Every structure is written in structure tokens, then in C-alpha cells.
Amino acid sequence: MKLTYKHTAIACYLSYITSAVINNLTSLLFVTFQREFGLTLDQLAFLIVMNFGVQIFVDFIGAKFADRIGYRRIVMASHVFAAAGLVFLAFLPKILPSAFIGLIISAFTYAVGSGLMEVIISPITEALPSEAKASSMSFMHSFYCWGCVLVAVVSTLFFKFAGIENWSVLCLIWALLPVSALFLFKFVPINQLCEGEEKKPLTALFRTGVMWLFMILMACSGAAEQSMAQWASYFAETELGVTKQTADLLGPCTFAIAMGISRVAFAKITKKIDMKICLLVSGILCIVSYAMTAFIPYSYLSLAGCALCGLSVGAMWPGVLSLSAETNPSGGTSMFAILALCGDVGCFSGPEAIARAASALSADGEPSVKAGLSVGIVFPLVIVAAVLFLMLLSKRKNGENFAENSQMGK
């Protein structure tokens, strides 16, 4: 059977689901790790920092070498590292003298895989034959959300019927996902961005003032998304007093479903609405969601803020990528890698800031994640400010173009 670009898209879907597994499976096990290995809240936060910190380093390297190495080699390597990291997670914490060191090695390995995916999957998606690039990008990124839902639901069912003590077996099951994508990427057709065209070097991108705005937007998008996603399960389990299964379904699962719905809806309406307006509305809704979670005293209304947050952040990451590609069509893989790097800076610094705030705002000596989430309001506030500035620049540019055209008419 001849593989087509539809199969390339399917391979990309699997990659985004794999990325969701890598970024969310460990957070579902935070309380289990505390109980089984005696980890502290700071050590759990370090695992988040390790994951996204390594991804940042890989993004930086990818920005320089992705085009030279080739898309196929990089995307296949990403899935090898992802599968190996999940296998390590199943065994190393239990066989090494220090469980924490085993978790760090595992996080490092699968983070390399996830970082490579971020560098390469968006350019592969952007290079697929399509007239609606923004719609394709948003729809493709929605599979990250469905992957989050899949992680929460499958993991919950596994823990219910097989027992939480067998979590290592679940890691091996999830490792089959990147292995499947690996074999697909070996044979599917892959286009490269800017083939036969002159690509902007990194220095030229950085000299573009608007590029810095996109970098800020990506960093705050990652922070707004992951600050809630990483701590939702812990928040529900420790501060709402519900069971592990209920916490995972009410926290990360509802967050991911709302985020997925948002991205699918964004893919549908992207031709009808200005992307900047969409990002502005998303930022405002995100401010409301963090305020609900952090300040409303009623538990389930507070948890509803988690779902609203998922709805609000859904369009942010793919929206910024598409808007940047539209503004800098010759940015190439380097641009996507730099934006991924900035996104990952937000992905690890946001949850880390929540953890530090939770400790600083502790009640009776116990860290309060609910109080810590109040810091998350800062990220969408910056997004709203950056988008308003971007709209101002766009309006000024359009005004200058109109004046120039009027002069030419005379």
C-alpha cells in the first residue's frame, strides 16, 4: 500500500498524543510518587523543570541544525527517545538506589524526544499540502488535547482495574505509541518548508521587532496552559479531598476536553475571525479562569475554573504559531524551533512559579496549590497586553499602507 500525506497527518496525530503522554503521565502520578518514594513538592516541581528544561535545550539545538539533518531523521529520533524514556520510567525508579535519580534520567530521556517533536512536527504540519494552514495547524494541535484526555481516562481505568501499584506496566503500554509512530514516519511522504527558497537566518528573525512579541506570546501561552495542566490533578486530590480517579477526571481530563474543543472550534472559525481577536478573547477568558480557581471558595466552582482555563488556552499555542508563520513566511524551521523554545520556557517556569507560590502562601505549614494558582493570572495578563500591542502595530501599518496607496493614486 502506498502511503500518502493522509498517513503523514496520522503520524503527526500520534506524535501529538505521545507528547501529551510525556507531559502529563508523570503529573498524574505525583501523589503516588510522594507516597511510594517519599518525594517532596519541590522534587515533583523539579521533574517538571527537568522535562521542559531539556526540551528548551533541544529546541535551541534544533533551531540551528534541523534543516541540515533532515526532517525524517529528526522525527524518527524523537520517537526513539520518547519510547526509551517511558520504558526507563517503568524500571529505573524501582531498581536504582535513588528513585528520584531514576525519575530524573527517565524525564531527561523522554524530554529529548518531546523536544525534538516540538521542533519538527509543526513544520511538517505546516508543509503538508493545504490551503487552510491555520485550520490544519489548530486541528493537528487538538490531538495533543485528545491525548491528554486519553492519558487521564485510560490511566484512570487502568488504576481502577489493575491497581495504582502497577503504574509501571502502564508506562510500558504507553511506550507502544511512539513505537507505532516511529514505523509510520519511516515510510510516509514528508515535505520540507521553504524548499528552493531563501530562509531567513536567525539573526534576521531576531532583528524583526514583531518576532519578540511572538516569543513573549509563546512563553506566556505555555505558562498559562501548563501551570493549570500540571497541578490540576494534585489540586483536586489534595485540596478537594476526592479520590485519585475522580481527581484525574475532574482536573486534567476536563481541562484537556475543553482545550480540545477550543482547538477544533478555532480550526473551524479561523477563516472567519481575525486571529489576534481570538487570542485577545482567549487571554481575557484565561484571566477569569485563574481567578475562579484561585479565589472562589466553593470547591467545584473553583474546579470549574480548570475547565474554563482549558477552553481559554486552546487557541493560544497553535494561534501564535500560525500568526507567526503568516507574518514571517520565510522563517522556516528555525522560527518554529525558537517559538517552541519560548513555549517550553513558559511550560516549565509557569508550573515552577505555581509551586513556589504554593509554598510561600502555605496554610498551616502545608503548601496551598489553590493559593499558588493565583500567580497564574500574570501569564494571560501579559498575553492580553502583547496582543493589544500587536493589534496597534497592525493598525498603524495598515494606516501607513493606506496613506502610501492614496499618494500613489494622486
Side-chain angles (χ1 to χ4, degrees), residues 8-29 47-62 65-66 69-93 102-125 140-141 143-152 154-155 167-188 190 222 226 229-230 256 317 336-337 340-341 343-344 347-348:
T8 309
I10 291 171
C12 290
Y13 298 158
L14 291 176
S15 294
Y16 281 120
I17 295 172
T18 298
S19 184
V21 172
I22 287 171
N23 290 334
N24 293 279
L25 178 61
T26 304
S27 66
L28 296 181
L29 295 167
L47 292 177
I48 301 174
V49 173
M50 166 64 71
N51 181 19
F52 292 110
V54 171
Q55 289 185 43
I56 288 171
F57 177 75
V58 172
D59 292 341
F60 179 77
I61 298 298
F65 300 107
I69 297 172
Y71 286 8
R72 195 179 303 276
R73 289 180 181 176
I74 291 180
V75 77
M76 290 180 67
S78 71
H79 290 84
V80 170
F81 278 104
L86 290 170
V87 172
F88 288 167
L89 184 62
F91 294 110
L92 293 187
L103 290 170
I104 289 175
I105 294 172
S106 305
F108 180 91
T109 306
Y110 61 59
V112 171
S114 185
L116 289 173
M117 286 179 202
E118 284 196 346
V119 168
I120 209 66
I121 297 298
S122 288
I124 289 176
T125 302
M140 193 75 70
H141 276 266
F143 278 85
Y144 178 87
C145 310
W146 308 134
C148 294
V149 176
L150 196 65
V151 171
V154 172
S155 299
W167 59 266
S168 57
V169 177
L170 183 64
C171 296
L172 296 177
I173 294 172
W174 284 123
L176 297 175
L177 198 60
V179 171
S180 302
L182 171 66
F183 283 105
L184 263 180
F185 275 117
K186 173 68 176 174
F187 302 105
V188 296
I190 297 176
Q226 290 300 320
Q230 293 292 322
W317 192 290
F336 281 100
L341 186 154
D344 282 336
C347 284
F348 90 79

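Given the structure is predicted, the values throughout are model-derived calculations rather than measurements.
- Counting only heavy atoms from C-beta outward, the side chains of Leu25 and Cys171 approach each other to under 4.5 Å.
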Test side-chain contact (heavy atoms from CB on, under 4.5 Å) on Phe185 and Ser180 and set out the steps. CA-CA 9 Å; Phe185 275 117; Ser180 302; over 6 Å; no
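- For the atom pair CD1 of Ile190 and CD1 of Ile124, the computed distance is 4.5 Å after rounding to the nearest 0.5 Å.
- Heavy-atom minimum distance, Cys148 versus Ala256: CB-CB, 3.2 Å.
- Within the model, atoms CD1 of Ile61 and CG of Leu341 stand 10.0 Å from one another, a figure rounded to the nearest 0.5 Å.
- Side-chain contact, Gln55 with Asn23: a donor N or O sits under 3.5 Å from an acceptor N or O.
- A donor and an acceptor atom, one from each side chain of His79 and Ser15, are located under 3.5 Å apart.
- Contact between Ala20 and Tyr144 at its shortest, heavy atoms only, is CB-O, 3.3 Å.
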So Asn51 and Asp344, side-chain contact (heavy atoms from CB on, under 4.5 Å) or not? Walk me through it. CA-CA 9 Å; Asn51 181 19; Asp344 282 336; over 6 Å; no
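- In terms of modelled atom types and a separation under 3.5 Å, the side chain of Ser114 and the main chain of Ala111 share no donor-acceptor contact.
- Between Val154 and Trp174, some side-chain heavy-atom pair lies under the 4.5 Å cut-off.
- Atoms OG1 and OH, from Thr125 and Tyr13 in turn, are 8.5 Å apart once rounded to the nearest 0.5 Å.
- Classified by interplanar angle (parallel below 30°, tilted 30° to 60°, perpendicular above 60°), the ring pair Tyr16/His141 is tilted.
- With rounding to the nearest 0.5 Å, the separation of CG in Leu182 from CE in Met76 is 5.0 Å.
- Note that CZ of Phe81 and CE of Met117 are 11.0 Å apart. Values are rounded to the nearest 0.5 Å.
- Going from atom CG of Leu86 over to atom CG of Leu170 covers 9.5 Å, rounded to the nearest 0.5 Å.
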Between Lys186 and Arg72, does the side-chain contact (heavy atoms from CB on, under 4.5 Å) criterion hold? Intermediate values first, please. CA-CA 7 Å; Lys186 173 68 176 174; Arg72 195 179 303 276; 5.6 Å; no
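- The two atoms that bring Val179 and Ala175 nearest to each other are CG2-O, 3.3 Å, heavy atoms only.
- One N or O on the side chain of Ser106 and one on the backbone of Leu89 form a donor-acceptor pair closer than 3.5 Å.
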Please determine whether side-chain contact (heavy atoms from CB on, under 4.5 Å) holds for the pair Phe187 and Leu184, giving the CA-CA distance in whole Å, both sets of side-chain angles, and the decisive distance to 0.1 Å. CA-CA 6 Å; Phe187 302 105; Leu184 263 180; over 6 Å; no
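- Inspection of the Tyr110 and Thr26 side chains reveals an N or O donor paired with an N or O acceptor under 3.5 Å.
- Scanning both residues, Met140 and Ala9, for their nearest heavy atoms gives SD-O, 3.9 Å.
- Residues Leu172 and Phe91 form a side-chain contact, since some pair of their non-hydrogen atoms from C-beta on lies under 4.5 Å apart.
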